[in-house]
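Working notes, beginning with the structure itself.
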Amino acid sequence: MKKLTEKQLKSETVYQGSFLKVLRDEVELPNGKIGLREYIPHPGAAMVIPITDKGQLVMIRQFRYPLRAEFIEFPAGKIDAGEDAIQAARRELIEEAGYVAKDLRRLTSIHPVIGYSDEVIEIYVATHLSLSKQRLD
């Protein structure tokens, strides 16, 4: 089987905002030619699927500016510096939904925008929930 790996030759930051950064890399393609790749590095995120003792899913409503609309979502957010994915999941569950989970189990990870970012979302299932105070930022 032919390898599809591309080798990074150079990398430059073409945009740096308060959160988003865009990189442009020059790469050597598997056929030896040179190509360009633009992408957004991401610190990773955690998403929680909270399930009450009655078997109900807990979801939240959020306004998402890029689409100028409200969406119903599971609690989720980026992993902060010095935090691991399970800590971020616990934090997001309290901040966004106002719940604490006695049991938090990793389900899987997904790469939602693999064509232009290295973002990984770690997905957890939260059970044995108790209400806490919601801590919206």
Exercise. Could you give the distance from CG (Leu23) to CZ (Arg37), rounded to the nearest 0.5 Å?
Worked result: 14.0 Å
Seminar exercise, completed: On a heavy-atom basis, the closest approach of Arg91 and Lys78 is NH2-O, 3.0 Å
Problem set entry | Heavy-atom side-chain proximity of Leu129 to Leu93 below 4.5 angstrom | yes
Exercise. Which pair of non-hydrogen atoms, one from Glu122 and one from Ser109, has the smallest distance, and what is that distance?
Worked result: OE1-CB, 3.4 Å
Exercise. With a 4.5 Å heavy-atom cut-off, do Leu36 and Glu26 have their side chains touching?
Worked result: yes
Problem set entry | Atom CD1 of Ile72 with >12 non-hydrogen neighbours under 6.0 angstrom | yes
Exercise. Given the rule in the side chain to side chain contact (heavy atoms under 4.5 Å, CB included) test, do Ile51 and Leu57 qualify, once you have shown the distances and angles that lead to the verdict?
Worked result: CA-CA 5 Å; Ile51 305 172; Leu57 299 176; 3.7 Å; yes
Problem set entry | Single-linkage hydrophobic cluster Val22~Phe19, side-chain heavy atoms < 4.5 angstrom | yes
For this session: Measure centre to centre between the rings of His128 and Tyr99, then say whether the value is under 6.0 Å.
Result: no
For this session: Take Ile94 and Val100, measure what side chain to side chain contact (heavy atoms under 4.5 Å, CB included) needs, and give me the verdict at the end.
Result: CA-CA 6 Å; Ile94 293 170; Val100 174; 3.9 Å; yes
For this session: Measure the spacing between CD of Glu12 and CG of Asp25 and express it to the nearest 0.5 Å.
Result: 9.0 Å
Exercise. Taking all atoms of both residues into account, what is the closest heavy-atom pair of Ile121 and Pro112, and its distance?
Worked result: CD1-CG, 3.6 Å
Exercise. Please walk me through it: do Glu96 and Gln62 pass side chain to side chain contact (heavy atoms under 4.5 Å, CB included)?
Worked result: CA-CA 10 Å; Glu96 295 186 351; Gln62 291 206 47; 3.4 Å; yes
Problem set entry | Separation of Asp84 CG from Arg90 CZ (nearest 0.5 Å) | 10.0 Å
For this session: Decide yes or no for Val58 and Gln56: does some side-chain heavy atom of the first lie under 4.5 Å from some side-chain heavy atom of the second?
Result: no
Exercise. Is the count of non-hydrogen atoms from other residues, nucleotides or ligands lying under 6.0 Å from Tyr116 atom OH greater than 12?
Worked result: no
Exercise. Within a reach of under 6.0 Å around CZ of Arg68, are more than 12 heavy atoms found that belong to other residues, nucleotides or ligands?
Worked result: yes
Exercise. Which pair of non-hydrogen atoms, one from Ile34 and one from Glu28, has the smallest distance, and what is that distance?
Worked result: CD1-CA, 4.3 Å
Exercise. When rounded to the nearest 0.5 angstrom, what is the spacing between CE in Met47 and CD in Glu73?
Worked result: 9.5 Å
Seminar exercise, completed: Value for CD1 (Ile60) from CD (Glu70), rounded to nearest 0.5 Å, stands at 11.5 Å
Problem set entry | Nearest heavy-atom neighbours spanning Ile86 and Leu104 | CG1-CD2, 3.6 Å
For this session: Begin from the C-alpha positions of Ile49 and Arg105 and carry the test side chain to side chain contact (heavy atoms under 4.5 Å, CB included) through to its verdict.
Result: CA-CA 10 Å; Ile49 302 170; Arg105 182 175 40 94; over 6 Å; no
Exercise. Linking I/L/V/M/F/W/Y whenever their side-chain heavy atoms sit closer than 4.5 Å, directly or via other members, would Leu107 and Met59 fall into one cluster?
Worked result: yes
For this session: Report yes if some heavy atom in the side chain of Tyr15 is under 4.5 Å from a heavy atom in the side chain of Arg24; otherwise report no.
Result: no
Problem set entry | Rounded distance [0.5 Å steps], OG1 in Thr127 versus CG in Asp103 | 4.0 Å
Seminar exercise, completed: All heavy atoms of Pro30 vs all of Thr5, minimum pair found to be CG-O, 3.5 Å
